[in-house]
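Sequential numbering from 1 along the given sequence is applied to the chain's residues. Worth knowing before you read on, the calculation uses all heavy atoms, side chains too, and leaves out hydrogens, waters and symmetry mates.
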Amino acid sequence: MKKIVLIIAIAAFIVGCQMTKSTNLTTADLYGKYHLVSFDQEAITDVSTSMGIEFEQGGSDVLKVHGILCNTFIGQATLNNGQLKSDGLASTRMACFRQKEATMENALNVMFKEGAIVKLKGDELTLEDNNHSFVYKKQ
């Protein structure tokens with residue numbers, strides 16, 4: 001009986017360690033470079049472009065954000081209760097010839113303005129709202 005309880009306790013511990021971190025995230029948890037692996041559950045297979053995002057320290061509760069989809073973007077964001085928000089990201093304004101990339105850029109801009117839900121599980125970062133989701137892997 002003790003062995004069964006011990007096995008259950010170990011299994012619960014392992015599952016707990018692998019749970020997604022969301023509401024108790026800190027800005028320091030997000031620091032680093034990430035490359036985009038999927039958008040709306042569809043894998044990004046075009047490796048000719050390096051779509052990604054990077055977070056750096058920008059102050060006590062502020063993150064510096066920069067990255068690239070079709071255009072490059074840069075700005076600052078705040079993290080509060082698992083929600084990442086920015087008053088606006090500066091961006092180059094080149095035409096996105098692929099509709100999917102244009103959709104992704106618009107979705108990311110809306111997420112940052114309205115607040116993206118952030119989830120971190122191991123080296124996998126997810127940014128999502130009610131309409132779209134981006135999944136990144138830490139480099």
Side-chain angles (χ1 to χ4, degrees):
M1 183 60 130
K2 289 182 182 181
K3 287 182 181 182
I4 292 172
V5 172
L6 180 61
I7 291 171
I8 291 172
I10 291 171
F13 176 76
I14 291 171
V15 169
C17 290
Q18 294 177 350
M19 294 199 57
T20 303
K21 219 175 169 184
S22 184
T23 55
N24 59 348
L25 278 173
T26 67
T27 55
D29 292 330
L30 299 178
Y31 295 164
K33 291 182 180 184
Y34 301 83
H35 66 277
L36 185 63
V37 294
S38 74
F39 173 69
D40 290 345
Q41 292 79 42
E42 186 178 324
I44 303 298
T45 57
D46 183 2
V47 292
S48 64
T49 59
S50 60
M51 296 180 190
I53 194 165
E54 182 174 358
F55 298 102
E56 297 176 347
Q57 183 178 5
S60 60
D61 294 329
V62 178
L63 287 164
K64 289 181 185 176
V65 180
H66 50 93
I68 186 167
L69 288 172
C70 173
N71 288 288
T72 58
F73 56 89
I74 190 167
Q76 292 186 338
T78 56
L79 180 66
N80 189 9
N81 292 325
Q83 189 175 52
L84 191 62
K85 200 169 189 179
S86 175
D87 291 334
L89 299 174
S91 175
T92 56
R93 295 287 179 207
M94 297 182 296
C96 297
F97 294 108
R98 297 181 193 156
Q99 182 59 41
K100 183 175 181 178
E101 289 176 358
T103 300
M104 289 171 21
E105 285 209 353
N106 289 333
L108 192 65
N109 284 328
V110 169
M111 277 186 194
F112 271 99
K113 286 180 186 174
E114 295 179 0
I117 302 301
V118 181
K119 296 177 182 174
L120 186 62
K121 182 177 182 179
D123 66 347
E124 185 176 278
L125 171 73
T126 303
L127 302 177
E128 63 187 5
D129 64 10
N130 292 331
N131 302 309
H132 300 286
S133 67
F134 292 85
V135 178
Y136 295 88
K137 286 280 187 183
K138 194 163 193 174
Q139 293 180 331

Inter-residue atom distance I53.CD1 - L89.CG, 0.5 Å rounding: 8.0 Å
Heavy-atom check, side chain of E54 versus side chain of Q139, under 4.5 Å: no
Check: F39 ring centroid to F134 ring centroid under 6.0 Å: yes
Reported CG-to-OG1 distance for the pair L120 and T26, which is rounded to 0.5 angstrom: 9.5 Å
Side chain to side chain donor-acceptor pair (under 3.5 Å) assessment of T103 paired with N106: CA-CA 5 Å; T103 300; N106 289 333; 5.9 Å; no
Minimal non-hydrogen separation, Q83 against I117, with atom names: NE2-CD1, 4.4 Å
Closest non-hydrogen atom pair, L127 against V118: CD2-CG2, 3.7 Å
Atom CG of D123 with >12 non-hydrogen neighbours under 6.0 angstrom: yes
Ring geometry between F73 and F112 (parallel below 30°, tilted from 30 to 60°, perpendicular above 60°): tilted
From D129 atom CG to L84 atom CG, the distance as rounded to the nearest 0.5 Å: 12.0 Å
Gap separating the OG1 atom of T72 from the CE atom of M94, nearest 0.5 angstrom: 6.5 Å
NZ/K33: more than 12 non-hydrogen atoms of other groups inside 6.0 Å: no
Pairs meeting criterion side chain to side chain donor-acceptor pair (under 3.5 Å) with involvement of residues 107-118, two or more places apart: none
Whether T126 side chain and V135 backbone form a donor-acceptor pair below 3.5 Å: no
Separation between NZ of K85 and CG of L79, rounded to the nearest 0.5 Å: 12.5 Å
From S38 atom OG to K137 atom NZ, the distance as rounded to the nearest 0.5 Å: 9.5 Å
Pairwise side-chain contact, L36 with L69, heavy-atom cut-off 4.5 Å (strictly under): yes
H35 side chain vs G52 backbone, donor-acceptor pair below 3.5 Å: no
Check: K138 side chain, Y31 main-chain N or O, donor-acceptor pair, under 3.5 Å: yes
Qualifying residue, where the test is side-chain hydrogen bond (donor to acceptor under 3.5 Å, both in side chains) with S133 and the options are E128, Q41, K119: Q41
